[in-house]
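In the text below, chain A, chain B and the rest are named by the order of the sequence lines, each starting its count at 1.
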Protein chains: 2
Amino acid sequence: MKRNAPARDPGKHDHRKCVHTALSTAEAVCKARGEKLTPVRKRVLELVWASHRPVGAYALLDSLRADGRSAAPPTVYRALEFLLALGLVHRVESLNAYLGCAHPASDHAAQFLICRQCGTAAELEESDIATAIDRHAKRAGFAVERRTVEAMGLCAACQTA
Amino acid sequence: MKRNAPARDPGKHDHRKCVHTALSTAEAVCKARGEKLTPVRKRVLELVWASHRPVGAYALLDSLRADGRSAAPPTVYRALEFLLALGLVHRVESLNAYLGCAHPASDHAAQFLICRQCGTAAELEESDIATAIDRHAKRAGFAVERRTVEAMGLCAACQTA
DNA sequence: GCGGCATCGGTTATAGTATAACAATACCAT
DNA sequence: ATGGTATTGTTATACTATAACCGATGCCGC
């Protein structure tokens with residue numbers, strides 16, 4: 001699997017802007033919730049947003065160390081825990097990896113489309129998927145609290161290639 | 001989380017029969033596909049079916065060793081790989097654990113309802129959930145190959161308790 | 001200012017999950 | 001019996017995650 005190319009065709013979006021938006025939103029979310037976006041947390045968020053691919057915790061750790069920062073696994077896991085709690089990043093269960101959240105403002109049920117070829121992940125936020133799950137769960141008497149929905153396959157670009 | 005009680009109210013189903021059915025079906029599936037259900041594989045399947053809870057690979061390993069069998073991680077991972085390939089067990093991504101498949105005959109898209117209290121997992125097989133995912137994926141130009149759908153929450157029994 | 005408290009990050013150690021690589025064995029077909 | 005293939009044994013190691021403890025920092029009330 002290719003993992004080093006840019007996450008999307010660079011012609012198709014300004015990734016710098018992408019990251020900048022994510023960081024600004026994060027500042028706003030933290031302010032609103034009375035939480036602090038410390039340098040470590042901010043840097044981890046920035047690193048997660050460095051691509052549109054889910055990133056492993058240890059890859060983030062390596063990047064922190066490359067910054068010259070003293071870091072150990074708890075450093076990155078604590079930052080991720082914080083960011084996850086605020087909905088600023090998602091965990092991709094089927095990859096044990098983390099992804100920047102595209103819509104952190106809302107307390108949403110997200111779904112992911114993960115390309116097995118290029119590794120990019122797109123985030124959906126379709127309420128009817130969540131609703132369908134909840135409906136069948138309810139029929140079984142089950143009270144849903146969290147949903148994990150991840151589709152593996154090929155993105156548009158990798159299908160043609 | 002309670003993890004030692006029986007998976008369901010023992011009055012509600014004959015679990016011995018449950019396991020027996022799973023093993024017979026497995027024999028049939030293997031025969032039909034020209035694969036061998038060796039003693040290790042059969043035993044791992046039986047252990048996975050010992051409860052209606054997802055079981056970790058290392059718990060299976062401990063059980064194999066308790067049998068007096070010489071076993072190491074690859075022993076159980078190879079058996080699981082085999083059983084997964086035949087659709088006889090599922091992997092629950094959000095728990096890194098394995099669950100006997102309730103409907104191994106069909107090549108189905110399964111969904112799971114996992115109780116965070118008692119640890120039991122119920123398997124659904126609702127085509128409309130898969131269809132909803134596929135529909136939104138298609139709109140994004142994404143070709144779905146596998147879906148992971150796992151709902152965490154409280155089962156009927158644990159809600160009343 | 002000072003003490004007390006809470007939060008955060010650093011550090012070490014360890015738990016938990018999974019696979020690579022190679023050796024030995026069992027099984028089957030000829 | 002012989003050779004080939006599938007399976008299992010064995011050792012080592014990689015990858016993912018958390019526990020526990022400590023020191024630094026900053027804030028708050030007095």
Side-chain angles (χ1 to χ4, degrees), chain A residues 1 3 26 30-31 33-48 53-86 88-99 119 148 150, chain B residues 1 3 26 30-31 33-48 53-86 88-99 119 148 150:
Chain A
M1 198 191 306
R3 286 238 168 246
C30 286
K31 192 161 213 171
R33 305 265 299 252
E35 300 284 354
K36 278 175 287 191
L37 191 63
T38 63
V40 190
R41 292 166 176 175
K42 185 169 180 176
R43 180 63 177 139
V44 168
L45 181 59
E46 190 181 2
L47 288 167
V48 164
R53 293 189 182 82
V55 193
Y58 280 73
L60 295 170
L61 179 57
D62 289 345
S63 300
L64 287 181
R65 285 173 168 164
D67 288 352
R69 190 185 296 271
S70 164
T75 310
V76 54
Y77 280 104
R78 285 192 284 230
L80 287 170
E81 181 185 27
F82 174 86
L83 297 168
L84 285 165
L86 267 64
L88 296 168
V89 308
H90 291 291
R91 179 180 157 82
V92 179
E93 298 291 348
S94 56
L95 297 175
N96 296 330
Y98 304 84
L99 185 66
T148 298
E150 299 169 7
Chain B
M1 194 189 304
R3 286 238 168 246
C30 286
K31 193 161 211 172
R33 305 266 298 253
E35 300 284 356
K36 278 175 286 190
L37 191 64
T38 63
V40 192
R41 292 166 176 174
K42 184 170 181 175
R43 181 61 178 142
V44 168
L45 181 58
E46 190 181 2
L47 288 167
V48 164
R53 292 189 182 82
V55 193
Y58 280 72
L60 295 170
L61 179 56
D62 289 345
S63 301
L64 286 181
R65 285 173 169 163
D67 289 352
R69 190 184 296 270
S70 163
T75 309
V76 55
Y77 280 104
R78 286 193 283 232
L80 287 171
E81 180 185 30
F82 174 86
L83 297 167
L84 285 165
L86 267 64
L88 296 168
V89 307
H90 290 291
R91 179 179 157 81
V92 179
E93 298 291 348
S94 56
L95 297 175
N96 295 330
Y98 305 83
L99 185 67
T148 297
E150 298 169 9

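A side-chain donor from one of A:Ser94 and A:Glu150 sits under 3.5 Å from a side-chain acceptor of the other.
In this structure, A:Asn96 CG and A:Arg91 CZ are separated by 4.5 Å, a value rounded to the nearest 0.5 Å.
Minimum atom distance to the side chain of B:Asn96 is reached by C:dA18, of the listed D:dT8, C:dA18, C:dG9.
With sequence neighbours excluded, no residue forms a salt bridge (Lys or Arg N to Asp or Glu O under 4.0 Å) with B:Arg41.
Summarising the geometry of A:Phe82 relative to A:Lys36, their closest heavy-atom pair is CZ-O, 3.5 Å, with the distance given to 0.1 Å. In this structure, A:Val89 and A:Leu84 approach most closely via the heavy-atom pair O-CD2, 3.2 Å. Here the closest heavy-atom approach between residue B:Ala26 and residue B:Leu45 is recorded as CB-CD2, 3.3 Å.
Contact annotation: B:Arg91 reaches the phosphate of C:dA18 (side-chain N/O to OP1 or OP2, under 4.0 Å). Of the side-chain N and O atoms in B:Thr38, none sit less than 4.0 angstrom from OP1 or OP2 of D:dA6.
With rounding to whole Å, B:Arg41 atom CZ is found 13 Å from C:dC27 atom P. The CD-C1' distance, from A:Glu35 to C:dA6, rounds to 13 Å in whole Å.
Along DNA chain C, the nucleotide nearest to B:Lys36 and the one nearest to B:Tyr58 differ in position, and the one closer to the 5' end is contacted by B:Tyr58.
Using a 4.0 Å cut-off on heavy atoms, the residues of residues 66-82 of chain B that approach DNA chain C are B:Pro73, B:Pro74, B:Tyr77, B:Arg78, listed by number.
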